[in-house]
Every structure is written in C-alpha cells, then in structure tokens.
Amino acid sequence: MLGKVLVRSERGRETARVITEVEAYIGENDLACHASRGRTARTQVMYGPAGHWYVYLVYGMHEMLNLVTGPEGWPSAILIRGVEGMSGPGRVTKSLGIGREFNGLLAVPASGLHIEDRGIVVPDRMVKRTPRIGVDYAGPVWAAKPWRFLLNSAPLTNTP
DNA sequence: ACAAGGATACCT
DNA sequence: GGTATCCTTGTC
C-alpha cells in the first residue's frame with residue numbers, strides 16, 4: 001500500500017494523499033491484533049472479505065483507519081499510520097474527515113473513500129521496516145514483529 | 001512527563 | 001453496573 005493514494009471524496013470535492021506509513025495486524029494469533037480476543041461486534045469486519053474499512057476509536061479521541069485484508073475468516077488488517085504531509089494515524093483521519101461512519105464500508109469510490117494506484121514507484125530499498133508502535137501490551141514476541149512499513153524518502157512520481 | 005477522553009471487553 | 005485498558009496527540 002505504500003505509494004498508493006488514499007482518496008477521500010466528499011460532495012464532489014476530492015482529497016488525495018500518498019500513503020507513507022502502514023502497519024500490519026495479522027490474525028487471531030497476533031496478540032497486538034484486536035481479533036486476538038476473537039470475534040466481537042467491533043472485530044467482526046476484520047473477519048469478512050478484504051477491501052472493507054475497519055475504523056475504530058482509540059483513547060477516546062482518535063479514529064484509526066484500517067483496510068481489511070486477507071481471506072474471509074482470517075481476521076487481518078492494515079492500519080494507515082501516515083500519509084504525505086501528515087504523520088500519525090489520528091491526524092490522517094482528522095485531516096481527511098474520516099470517522100467511524102466508514103466502518104464496514106467497501107473501499108470503492110462510491111463510498112467516499114478508496115485507494116488508487118497512480119503509478120508512483122516504490123522500490124524495496126525505499127521501504128523501512130520497524131516494530132509496530134504502541135503494542136508493548138502484546139508481549140515481547142508480538143511487539144517485536146517488524147510489521148511497520150514506512151517510506152524513508154520521498155516516493156518517485158511517475159509523471160505521464 | 002502526562003492529561004484528555006470514550007469505547008471496548010471482561011469481570012462481578 | 002464497575003473497571004482496566006487502549007494500534008494517540010498536544011500541552012505541560
């Protein structure tokens with residue numbers, strides 16, 4: 001998803017930003033994943049088919065935007081932690097006007113929020129991997145998984 | 001360094 | 001119905 005473009009459309013106005021930082025949460029075994037506690041009203045969307053948004057509130061004030069991935073029945077999602085000019089997952093949603101009303105919606109243009117490939121090239125050597133942020137509670141094994149990915153320089157724009 | 005802030009999951 | 005905890009940010 002790095003280098004792909006997050007597109008928010010609202011009443012004919014479109015805001016597009018390149019995704020620069022993401023984290024993976026993979027399955028019930030992953031103790032940092034909300035689905036590690038099983039299927040609940042909140043985590044239900046992660047058990048569904050890929051391509052739907054999973055949006056939840058954390059710390060009582062920040063909306064986290066995740067895209068459901070993986071096959072049906074295997075709860076997994078990618079948290080969008082950063083877009084160009086915006087660092088931090090709470091700022092991503094706030095700056096684009098994204099809230100829990102998107103939870104469960106399919107990531108297609110008609111829903112007002114989707115992801116596009118606009119030809120930006122991201123070679124592997126431009127991608128940095130680190131452990132995920134704020135997941136110490138998951139224990140040393142799962143907190144150490146290098147499942148945070150970010151661009152370590154500006155992406156190469158493929159000008160048509 | 002730490003408060004703000006509300007939902008969630010799990011307990012009684 | 002009570003409570004510990006949370007995939008954070010801004011201000012102290």
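Numbers restart at 1 for each chain; the letters A, B, ... are given by sequence-line order, proteins then strands.
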In terms of hydrophobic clusters joined by side-chain contacts under 4.5 Å, are [X] and [Y] together?
X       : Y       : value
V122(A) : L150(A) : no
V83(A)  : Y54(A)  : no
L96(A)  : I115(A) : yes
L79(A)  : Y59(A)  : yes

Which atom pair, heavy atoms only, marks the closest approach of H114(A) to V108(A)? CB-C, 3.6 Å

Looking only at non-hydrogen atoms, find the nearest pair between A138(A) and A32(A) and report the distance.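 Scanning both residues completely, I find the closest heavy atoms to be CB-N, 3.6 Å.
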
Of all nucleotides in DNA chain C that come within under 4.0 Å of a heavy atom of chain A, which is furthest toward the 5' end and which toward the 3' end? dC6(C) to dG10(C)

Can you find a heavy atom in the side chain of W53(A) that is under 4.5 Å from one in the side chain of I98(A)? no

Flag the pair Y137(A) / V135(A) as yes when at least one side-chain heavy-atom distance between them is below 4.5 Å, and no otherwise.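 In short, these two side chains touch, coming nearer than 4.5 Å.
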
If you measure from [atom1] on [X] to [atom2] on [Y], what distance do you get to the nearest 0.5 Å?
X      : Y       : atom1 : atom2 : value
I78(A) : N66(A)  : CD1   : CG    : 8.5 Å
L57(A) : N103(A) : CG    : CG    : 11.5 Å
S36(A) : I26(A)  : OG    : CD1   : 13.0 Å
R37(A) : L31(A)  : CZ    : CG    : 9.0 Å

Going 5' to 3' along DNA chain B, between which two nucleotides do contacts with chain A fall, using a heavy-atom cut-off of 4.0 Å?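 So the outermost contacting nucleotides come out as dA4(B) to dC10(B).
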
Using a 4.5 Å cut-off between side-chain heavy atoms of Ile, Leu, Val, Met, Phe, Trp and Tyr, which other residues end up in the same hydrophobic cluster as M61(A)? none

CA sep, side-chain torsions, deciding dist, call: E23(A), R132(A), salt bridge (charged side-chain N to carboxylate O under 4.0 Å, His left out): CA-CA 7 Å; E23(A) 278 179 358; R132(A) 295 171 291 181; 5.7 Å; no

Sugar-phosphate, base or nothing in reach of M61(A), heavy atoms under 4.0 Å: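 Base, at least one base heavy atom under 4.0 Å.
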
Tell me, which of residues 25-51 of chain A have any heavy atom that sits under 4.0 Å from an atom in DNA chain B? R37(A), T40(A), R42(A)

Counting only heavy atoms and a strict 4.0 angstrom limit, can you tell me which residues of residues 76-107 of chain A come near DNA chain B?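 Those residues are R100(A).
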
More than 12 heavy atoms of other residues, nucleotides or ligands under 6.0 Å from NZ of K4(A): is that the case?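 It does: K4(A) NZ has more than 12 such atoms within range.
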
Involving DNA chain C, stems made of at least three consecutive Watson-Crick or G-U pairs, both distances under 3.5 Å: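 Stem segments, range with range: B:1-4 with C:8-11, B:6-11 with C:1-6.
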
